[in-house]
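Down below is the structure, laid out as structure tokens.
Treat the numbers as computed from the prediction; the structure is a model and nothing was measured. Chain letters run A, B, ... following the sequence lines, proteins first, then strands; residues in each count from 1.
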Amino acid sequence: MSGLFGDWDGSAADARRVQQRLAAEVMLRDDAPEAPRWLGGFDVGFEDAGAITRAAAVLLAADTLQPVATEVVRVPTSMPYVPGLLSFRELPALVAALERLPHTPDLVFVDGHGIAHPRRLGIAAHFGVVTGLPSIGVAKNVLCGRHDPLGALAGEHVPLLHRGEQIGWALRSKVRCNPLLVSPGHRVSMQGALDAVLRTLRGYRLPEPTRLADRLASRRD
DNA sequence: GCGACAG
DNA sequence: ATCTTGTCGC
């Protein structure tokens, strides 16, 4: 593949065309050959009033969920945030951080949506397609679609629907916290995405991979 | 035409 | 996303 965005000409209209083309390559089946050994957590933050994009990558052992390596990459911010085009702004930094990890993750969790996107190519799905890695999107807010009211207990979940199809799940990951929006990115099924997030929750609203990356990207750690 | 709109 | 301490509620 020629780069993260193919032959994108830089315009918003063309970015949407590129998304439609890449969305056709998304694979929504669990085809992981074996039990994942390494998990990856990815998120982006900003410095200098947005002038610098700060990408964080965390590698965790799948069995213990303990971090074994972290990477932070800082690059000049290339474009403003445009709803629906988040990956064009954040993906380059995230992939750079991925390439610096000592091991390639077997399954990746990205802060943002997977296929729960107008053209079914949120940043987690885009990340998966260009890297070829199984990926899952974990977002804190809805971009498109809607869902029924959610129960108050941790673990309760309902489908996130858009144009008559399920694009993800609204998940109460922790009591008294707003639900998470979970959606498959690439090489993961709808059920597989939910199961993977449930398995990596450890008492916080965010699953460990994304929670640790979040702390690094937002300067807190 | 009028809102909504990941991070 | 980010600017930012204490504070209300469970």
- Picking from dT2(C), dC10(C), dA6(B), the nucleotide nearest the side-chain atoms of Arg176(A) would be dC10(C)
- Task: Measure from CG on Leu206(A) to C1' on dG7(B) and round the result to the nearest Å.
- Result: 13 Å
- Task: Indicate, with a heavy-atom threshold strictly under 4.0 Å, whether Leu85(A) touches base, sugar-phosphate, or nothing.
- Result: base
- Item | Nearest-Å distance for atom pair NZ/C1', residues Lys174(A) and dG9(C) | 14 Å
- Item | Non-hydrogen side-chain atoms of Leu206(A) and Asp214(A) separated by less than 4.5 Å | yes
- Query: Given the rule that I, L, V, M, F, W and Y join up when any side-chain heavy atoms are under 4.5 Å apart, are Leu180(A) and Ile167(A) in one cluster?
  - Reply: no
- Note on the structure: Atom CZ of Arg146(A) and atom C1' of dC5(B) are separated, to the nearest Å, by 16 Å
- Message: How many whole angstroms separate atom CZ of Phe109(A) from atom C1' of dG7(B)?
- Response: 19 Å
- Task: Starting at atom CG of Leu91(A), determine the distance to atom P of dG7(B), rounded to an integer number of angstrom.
- Result: 16 Å
- Task: Figure out the CD1/C1' separation between Ile167(A) and dC5(B), and round it to whole Å.
- Result: 13 Å
- Between Phe46(A) (CZ) and dT4(C) (P), how many Å, whole number? 18 Å
- Item | Pair Asp43(A) + Arg211(A): basic N to acidic O under 4.0 Å | no
- Message: Is Asn141(A) close enough to dG7(B) that one of its side-chain N or O atoms is under 4.0 Å from OP1 or OP2 there?
- Response: yes
- Lys/Arg N to Asp/Glu carboxylate O, Glu47(A) vs Arg54(A), below 4.0 Å: yes
- Message: When you compare the ring of Tyr81(A) with the six-membered ring of dA1(C)'s base, are the centres less than 5.5 Å apart and the planes under 30° from each other?
- Response: no
- Message: In whole Å, I'd like the distance from the CZ atom of Arg89(A) to the P atom of dT2(C).
- Response: 10 Å
